[in-house]
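What follows is one structure encoded as structure tokens, with my remarks underneath.
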Amino acid sequence: MKKIKNPLIRRIPKELIGDWKKYLVVFLFLVLTIGFVSGMYVANESMITSANEGVTKYKQEDGHFELKKQADATLLSAIKTGEKADVKQYYLDEAKKKLDKKLPKKFKEKFDEKFPDKFKKEFDKKFPEQFKKSFDKEFKKQFEQSFPAKFASSFKKEFDPKFKQSFDATFVKQFDAQFAAQVKQSLLAQGMDAQTAGQMLDTAVAQAKKDGSYKKAYDSAYSKAYAPAYKKAYDSAYSSAYYEAHDKAYSEAYDKAYDEAYDKAYKKAYDKAYKKAYKKAYDKAYKKAYDKAWKKAQDKIEDKYADAEEKYKLNDLDFKATKTTLYENFFRNEEEDYNNDGKKDGTIRVFAKTKDINLACMLQGSFPQKADEIAIDRMHADNVGIKVGDTVTVSGETYKVVGLLAYVNYSTLHEKTTDLMFDALKFDVAMVTQDGFDRLHKSIHYTYAWKYETEPADEAGEKTRSDNFMRALLTQVVVADNELEDYTPKYGNPAINFATDDMGSDKAMGGVLLDILVVIIAFIFAVTISNTIAKESSAIGTLRASGYTKGELVRHYLSMPVIVTLLAAIVGNILGYTVFKNIVVSMYYNSYSLPTYYTIWNPDAFFKTTLVPMILMLVVNLIVIVRMMQHTPLQFLRHDLKKTKNKKAMRLPGWSFFGRFRLRIMFQNVANYLILFVGIFFIMVMLAMAVGMPDTLDYYKSNTDGMMFAKYQYVLKSYEDDDNKRITTENKDAEKFNMTSLVKKSDAIDEEISVYGIADDSNYVKIKKLSSLKKNEVYISASFADKYGLAAGDTVSLDEKYENKSYKFKVAGLYHKSQSLAVFMSIDNYGKVFELKENEFSGFLSDSKITDIDEDNIATTITIHDITKMADQLDHSMGSYMTYFQVLCILLAAVMIYLLTKLIIEKNENAISMTKILGYENKEIASLYLLSTSIVVVIADLISVILGTLVMAAAWRMMLFSYSGWFAFRVTPIGYAKMFGFVLIGYLIVMVFDFQRIKKIPMDQALKNVE
């Protein structure tokens, strides 16, 4: 027997045609939603795939670091090994160098000050005795050697005249007597008698004198008598005179010689002894002082090394050396004047062309070949209106734009890793030749990119390697007497990851948006089918009694939503791969610097935009339909489809007939109105974003001046120039300040916090009694307090970025004139906390431009443009889309309200027809049914404005908490009015169609359906 074809199948086309407007609205709604989400999935997957392939193709870095000074070959070789340097030995070597350099001068000054007096005192005490002993011996020896001869000569010279005079006087008398006696004797011998001889004696003597015999006898007697007499007298006189003269001469000579010799010997001996004693005493004292100083230095080094061990985790047992390949990736941050009007329009980061690392995809034009050619970022060029062939001015130098590119490591133009948002308006990256690079003037940033020798398996492995590499890098930089200015691994670089992460979140958000809308449409279908089943309950009861199964009826009523959803998915996916894909790609290219892409088939898009909506539609409607089909055929025939039996009628208030009638309509359609409320609430959440984001950005842009405590913040590289002279300025507005960055660690993000040291009675940061705060007491910015839920009296913990060191501060109050996340303390407390040298500072605050500081000494200048760039970029990237989004929300509201109010009117067609029979006009009927819905819509609209804003504010807070920086979500009073009004506009559009639908309900409708 041939099986009879199910007649219910023939009803499907008739039902589609009969209610084509409703199904067309649902179909178009689903097509647009599925098409856009499908296009997002396709574009997203295609562009992410191209970006991932570009990692290898364009040699993307695994990270980069910046040093204060250019590294030499030795340091680079050490860094490549990934091994830690011997920091302790470095500390010891540095301490020894410092000690060897400073101690000799310092010790000598101190030693030379004390030693002379001490030595002289000791020398003067010992020298006289030593000298006398030595002098006496030597003098006596010399005296005894020289005195006899000297005395004999002087004595003889004195003795001879005296002796001769005395001898001659005595000898003459004696000789004359003898001679006279001899002459007398001779006369006597001649026979003269004594008397005669006596008388003749004088004559004889005179005759003897005359004839010479006297003289001859005299001379002979004289010579014989003189020598013995002389000798005897000499010897007798010499001995007596010698000892007397000796003692006297010795005494006189000794005193004179002693004085002369002492002075001469003292100086000579003092100099000789001083030199000898000085060296000996100096060496001994220096060794002792050196040993003492070195012991003290070693103790300090032990403490310092212990601190370093903790800071850098030098003894981490899990540490493994990470070998890398390093590449120079130097750049200059120059001033860009893209319209050549002589005014700075932004910052351009200029790289020299390279083939080694971080290559660029040329999207239009060519790479620079000459010194005056430049290729700039494509997105920045689009945003500011630069085309290939134009000229731009870079720090006073003119370049011709020959190409528009996308650097593989700058998919978004984040100037700093801490920037909340990229800035494609006031920040640019560019490529020039090496000669073109050398034309520029700003200081070079010595940045080195690295690639791991073996790629990490996953992000966790990458983070472990990065941590190990950074620990080793820190030690190598320290021992090379260099400084680490910046360290950014690939996973922490927003310029690399922000675009792909954001596209990934877009895909997830698009999927959630689609699922929510499909569920809402599914519920609308479910309510429609539920009403249809209630309306067709007699026919269903008859079919059931005729042998039709529940399954056949369930499949029949499921066919409408499934067919519409399937057709919408097919058409939507076709549009997704064609029209919407290009729209999404255009949106991405408007925000990101991405390489050239190609479209790829995305099975995930098919699954999530076709199968998932089908399943959701099927499950929601299946639950409702199966629940409805649980009734017996008899219940269907009797229209007895209510769950509760003998429900007591609700007593309504004593209002007018129209008021009570409207209230009854509301209670009868609670389920429909509940779905309407959910739909309006969902749309209001989207409207809160579409209206609130522009309001938030406008608020912060218009209040930026009030959130900056100085128009210029000049951050110096060092407080001293290359000649070690303190940097000063003649600008009267300038005020010294200190600043550093610490990290606030959380599960979501490790965020940099600016810590300021502010001068007492500052003209810029006006915080009362700041200087009276204790060392660990601080004020924090209101935005910091808002983001992390801090208040006065709380304690906040901040950490060093590259060191394992923490600081705890007690919040003394909030400072409201700062948009950044910041901490404020007195400049004196800052110096104590961070152990600065006396008078050390970080830079100047000023309300006027400082022109007398060499640019080579300035690390960065923070102005109002740096504060507003994030808001400007968000406004530029998303501002126009927010307007389109507002229009889309109005249309969504209109569609949602249209479908639900249509259900309400269809459900009450018999009642409306009956009121027409009773003589009520269309306007009166509309006032009953449409006004009831209007009241519900207005109430739902008001509640949803509040709830939607709260939900969006919470979502905004959650979203921004994972980014650096903070600004609260704000909606202006006009914004609230817009949100409320946009939904009403959608409803007013629907009211026109609803009124036309009421007019078209015939009066015989009620008579046809009378049971």
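All residue numbers in this chain count up from 1 along the given sequence. Scope of the values below: all heavy atoms of this structure, side chains included, with no hydrogens, waters or symmetry mates.
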For the pair Val755 and Tyr830, evaluate side-chain contact (heavy atoms from CB on, under 4.5 Å) and give the outcome as yes or no after the intermediate values.
CA-CA 9 Å; Val755 182; Tyr830 184 99; 4.2 Å; yes
If you define the side chain from C-beta out and look only at heavy atoms, does anything of Asn738 sit under 4.5 Å from Phe834?
no
How far apart are the C-alpha atoms of Tyr446 and Phe330, what are their side-chain angles, what is the distance that settles it, and do they pass the ring pair (Phe, Tyr, Trp, His ring centres under 6.0 Å) test?
CA-CA 5 Å; Tyr446 297 108; Phe330 299 166; 5.2 Å; yes
Search all heavy atoms of Ala424 against all heavy atoms of Leu413 and return the closest pair with its distance.
CA-CD1, 3.8 Å
Polar contact flag, side-chain donor to acceptor under 3.5 angstrom, His445-Glu485:
no
Donor-acceptor pair, distance only, cut-off 3.5 Å: does the side chain of Asp345 make one with the backbone of Tyr338?
yes
Taking all atoms of both residues into account, what is the closest heavy-atom pair of Ile376 and Ala381, and its distance?
CD1-CB, 3.8 Å
Glu835 atom CD, over 12 foreign heavy atoms within 6.0 Å
no
Ring-plane angle category for Tyr487 and Trp450, please: parallel below 30°, perpendicular beyond 60°, tilted otherwise.
parallel
Could you check whether any side-chain N or O of Asn857 sits under 3.5 Å from a backbone N or O of Ser718, counting only pairs where one atom can act as donor and the other as acceptor?
no
Cation-aromatic face contact Arg378/Tyr407, 6.0 Å, 45 degrees:
no
Main-chain N/O of Glu720 paired with Lys725 side-chain donor or acceptor, under 3.5 Å:
no
Between atom CZ of Phe737 and atom OH of Tyr764, what is the distance when rounded to the nearest 0.5 Å?
11.5 Å
Report yes if the side chains of Lys400 and Val392 come closer than 4.5 Å at any heavy-atom pair, otherwise no.
no
Tell me if a side-chain donor or acceptor on Ser395 pairs with a main-chain N or O of Glu334 at a distance below 3.5 Å.
no
If you measure from CG on Asp62 to CD on Glu462, what distance do you get to the nearest 0.5 Å?
6.5 Å
Are any of the side-chain heavy atoms of Asn493 and Glu61 separated by less than 4.5 Å?
yes
Would you name the heavy atoms of Ser466 and Pro489 that are closest together and state the gap between them?
OG-CB, 3.2 Å
Take Asn358 and Tyr58, measure what side-chain contact (heavy atoms from CB on, under 4.5 Å) needs, and give me the verdict at the end.
CA-CA 6 Å; Asn358 291 332; Tyr58 298 112; over 6 Å; no
Less than 4.0 angstrom from a charged side-chain N to a carboxylate O is my criterion; do Glu483 and Lys68 meet it?
yes
Within 6.0 angstrom of Lys463 NZ, more than 12 heavy atoms from elsewhere
no
If you measure only the distance, is there a donor-acceptor pair under 3.5 Å linking the side chains of Ser593 and Asp377?
yes
Spell out, as yes or no, whether a donor-acceptor pair under 3.5 Å connects the side chain of Asp72 to the backbone of Leu76.
no
Within this structure, what is the CZ-CD distance for the pair Arg349 and Glu336, rounded to the nearest 0.5 Å?
13.0 Å
side-chain contact (heavy atoms from CB on, under 4.5 Å) evaluation trace for Val743 with Leu798
CA-CA 5 Å; Val743 175; Leu798 301 177; over 6 Å; no
Do you know the tightest heavy-atom contact between Glu453 and Thr325?
CG-OG1, 4.4 Å
Can you check whether Tyr597 reaches Ser46 side chain to side chain, under 4.5 Å on heavy atoms?
yes
Can you see which heavy atom on Thr391 is nearest to which on Asn340, and at what distance?
O-ND2, 2.9 Å
Between Tyr452 and Phe469, how do the two ring planes meet: parallel, tilted or perpendicular, split at 30° and 60°?
perpendicular
Min side-chain heavy-atom separation Leu845-Tyr712 under 4.5 Å:
no
Keeping the roles fixed (side chain from Lys451, backbone from Gln60), state whether a donor-acceptor pair exists under 3.5 Å.
yes
I'd like to check Lys581 versus Met40 (side-chain heavy atoms, cut-off strictly below 4.5 Å). Are they in contact?
no
Would you check, one step at a time, whether the test side-chain contact (heavy atoms from CB on, under 4.5 Å) holds for Lys59 with Asp356?
CA-CA 7 Å; Lys59 301 180 180 179; Asp356 299 327; 5.7 Å; no
Any donor-acceptor pair under 3.5 Å linking the side-chain atoms of Asn468 with those of Thr322?
no
Can you tell me how far NZ of Lys442 sits from CZ of Arg332, rounded to the nearest 0.5 angstrom?
11.0 Å
To the nearest 0.5 Å, atom CG of Asp438 lies from atom OG1 of Thr433 at 8.0 Å
Please test Asn329 against Thr447 for side chain to side chain donor-acceptor pair (under 3.5 Å), starting from the C-alpha separation and ending with a verdict.
CA-CA 5 Å; Asn329 201 29; Thr447 302; over 6 Å; no
Would you say His414 and Phe427 make side-chain contact, with heavy atoms under 4.5 Å?
no
Please check this pair: side chain of Gln476 against backbone of Glu83, looking for a donor-acceptor N/O pair closer than 3.5 Å.
yes
Compute the centroid of each ring, for Phe844 and then for Tyr714, and state whether the two points are separated by less than 6.0 Å.
no
Would the distance check show the side chain of Lys69 and the main-chain N or O of Asp481 forming a donor-acceptor pair, the cut-off being under 3.5 Å?
yes
Of all the heavy-atom pairs spanning Leu594 and Ala406, show the shortest one and how long it is.
O-CB, 3.8 Å
Polar side-chain atom of Tyr491 near backbone of Gly63 as donor-acceptor pair, under 3.5 Å
no
Taking NZ in Lys711 as the centre, count heavy atoms belonging to other residues, nucleotides or ligands within less than 6.0 Å. Is the count above 12?
no
Leu742 side chain reached by Asp799 side chain, heavy atoms, under 4.5 Å
no
Using only atom types and a distance under 3.5 Å, with no angle test, would you say the side chain of Asn731 pairs donor to acceptor with the backbone of Lys849?
yes
I need the Ser783 OG to Leu821 CG distance, nearest 0.5 Å.
5.0 Å
